[in-house]
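As the structure is a computational prediction, the values presented were derived from the model and not from experiment. Only heavy atoms go into these numbers, but all of them, side chains included; no hydrogens, no water, no symmetry mates. Residue numbers run from 1 in the order of the sequence given.
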Amino acid sequence: MAGQFRSYVWDPLLILSQIVLMQTVFYGSLGLWLALVDGLVRSSPSLDQMFDAEILGFSTPPGRLSMMSFILNALTCALGLLYFIRRGKQCLDFTVTVHFFHLLGCWFYSSRFPSALTWWLVQAVCIALMAVIGEYLCMRTELKEIPLNSAPKSNV
């Protein structure tokens with residue numbers, strides 16, 4: 001231990017719990033954004049907005065609203081990376097993992113592999129936003145000064 005600034009041990013239980021927590025943040029905040037947007041335009045919410053790849057698109061109002069919700073969700077999940085992952089190096093890993101499980105969820109829900117180009121574009125933009133903003137926020141906290149003493153300075 002001596003001579004090392006930070007020593008990390010591989011903790012599979014911690015990693016698994018962080019993955020579950022980030023999936024919860026992803027779907028919880030996406031559900032809240034979709035409910036908020038649906039409430040604003042008085043539309044009825046459905047799971048299709050979250051899991052059907054064919055809904056996302058520029059041509060229909062529900063598609064545009066769902067795309068907006070996914071983009072806002074990427075910003076919210078970046079905050080989740082800041083509070084629950086706290087390591088800039090791991091932001092991309094957790095972002096890709098969250099979106100991979102979302103891909104599997106969409107595939108399972110609609111019984112077909114997502115083939116809509118707009119779905120893939122939205123997911124790519126969300127991955128980029130979530131990873132870059134999450135990494136920026138985590139790096140800002142990692143680079144804060146470390147206080148050397150806790151005693152207040154006295155004026156002499």
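Grouping the Ile, Leu, Val, Met, Phe, Trp and Tyr side chains by contacts below 4.5 angstrom, directly or via other members, places Leu72 apart from Leu32. Hydrophobic clustering, with ILVMFWY side chains joined whenever heavy atoms are under 4.5 angstrom apart, keeps Leu34 apart from Ile55. Val132 is not connected to Tyr83 by any chain of hydrophobic side-chain contacts under 4.5 Å among Ile, Leu, Val, Met, Phe, Trp and Tyr, and they are in different clusters. Transitive grouping of hydrophobic side chains (ILVMFWY, heavy atoms separated by less than 4.5 Å) brings Trp119 and Phe58 into a common cluster.
Results of the side chain to side chain contact (heavy atoms under 4.5 Å, CB included) test with Val96 over Leu92, Asp93, Val98 single out Leu92 as the only residue that passes.
Applying the side chain to side chain donor-acceptor pair (under 3.5 Å) criterion to Thr118, with sequence neighbours excluded, gives no partner residue. Residues passing the side-chain contact (heavy atoms from CB on, under 4.5 Å) test with Ala78 are Ile133, sequence neighbours excluded. Arg112 meets the salt bridge (charged side-chain N to carboxylate O under 4.0 Å, His left out) test with Asp52; sequence neighbours excluded. In terms of the ring pair (Phe, Tyr, Trp, His ring centres under 6.0 Å) criterion, residue partners of Phe113 (sequence neighbours excluded) are, by chain and number, Trp107, Trp120. A search for side chain to side chain donor-acceptor pair (under 3.5 Å) contacts involving Tyr109 returns Asp48, not counting sequence neighbours. Listed by chain and residue number, Tyr27 satisfy the side chain to side chain donor-acceptor pair (under 3.5 Å) test with His102 (two or more places apart in sequence, or in another chain).
Residues Leu81 and Leu137 are not in side-chain contact: their nearest non-hydrogen atoms beyond the backbone lie 4.5 Å or more apart.
Atom CE of Met68 sits in a crowded spot, with more than 12 heavy atoms from other residues, nucleotides or ligands closer than 6.0 Å.
In terms of heavy atoms, Cys126 sits closest to Ala74 at O-CB, 3.7 Å. When every heavy atom of Thr95 is checked against every heavy atom of Ile127, the shortest pair comes out as CG2-O, 3.6 Å.
Of the inter-residue distances, the one linking Ile85 atom CD1 with Cys138 atom SG reads 8.0 Å to the nearest 0.5 angstrom. Atom CE of Met139 and atom CZ of Arg87 lie 9.5 Å apart (nearest 0.5 Å).
The side-chain hydrogen bond (donor to acceptor under 3.5 Å, both in side chains) pairs that include a residue from residues 64-79 are Ser29-Asn73, Trp33-Thr76, where partners are two or more places apart or lie in different chains. Among pairs with a residue in residues 123-138, none fulfils side-chain hydrogen bond (donor to acceptor under 3.5 Å, both in side chains), at least two apart in sequence or across chains.
Other members of the cluster containing Leu143 do not exist, because no ILVMFWY side chain is joined to it at under 4.5 Å. When hydrophobic side chains of Ile, Leu, Val, Met, Phe, Trp and Tyr are connected at separations under 4.5 Å, Leu117 ends up clustered with Leu121.
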Let me have the donor-acceptor pairs involving side chains of residues 35-42, under 3.5 Å, with sequence neighbours excluded, atom names and distances please.
unit_1: Asp38; atom_1: OD1; unit_2: Gln49; atom_2: NE2; d: 3.0
unit_1: Asp38; atom_1: OD2; unit_2: Gln49; atom_2: NE2; d: 3.3

N/O donor to acceptor pairs below 3.5 angstrom from side-chain atoms of residues 13-26, sequence neighbours left out:
unit_1: Ser17; atom_1: OG; unit_2: Leu13; atom_2: O; d: 3.1
unit_1: Ser17; atom_1: OG; unit_2: Leu14; atom_2: O; d: 2.8
unit_1: Gln18; atom_1: NE2; unit_2: Phe84; atom_2: O; d: 3.3
unit_1: Thr24; atom_1: OG1; unit_2: Val20; atom_2: O; d: 2.8

With side-chain contact (heavy atoms from CB on, under 4.5 Å) as the criterion, how do Met50 and Leu30 come out once you've worked through the C-alpha distance, each side chain's angles and the decisive distance to 0.1 Å? CA-CA 8 Å; Met50 200 178 286; Leu30 181 59; 3.3 Å; yes

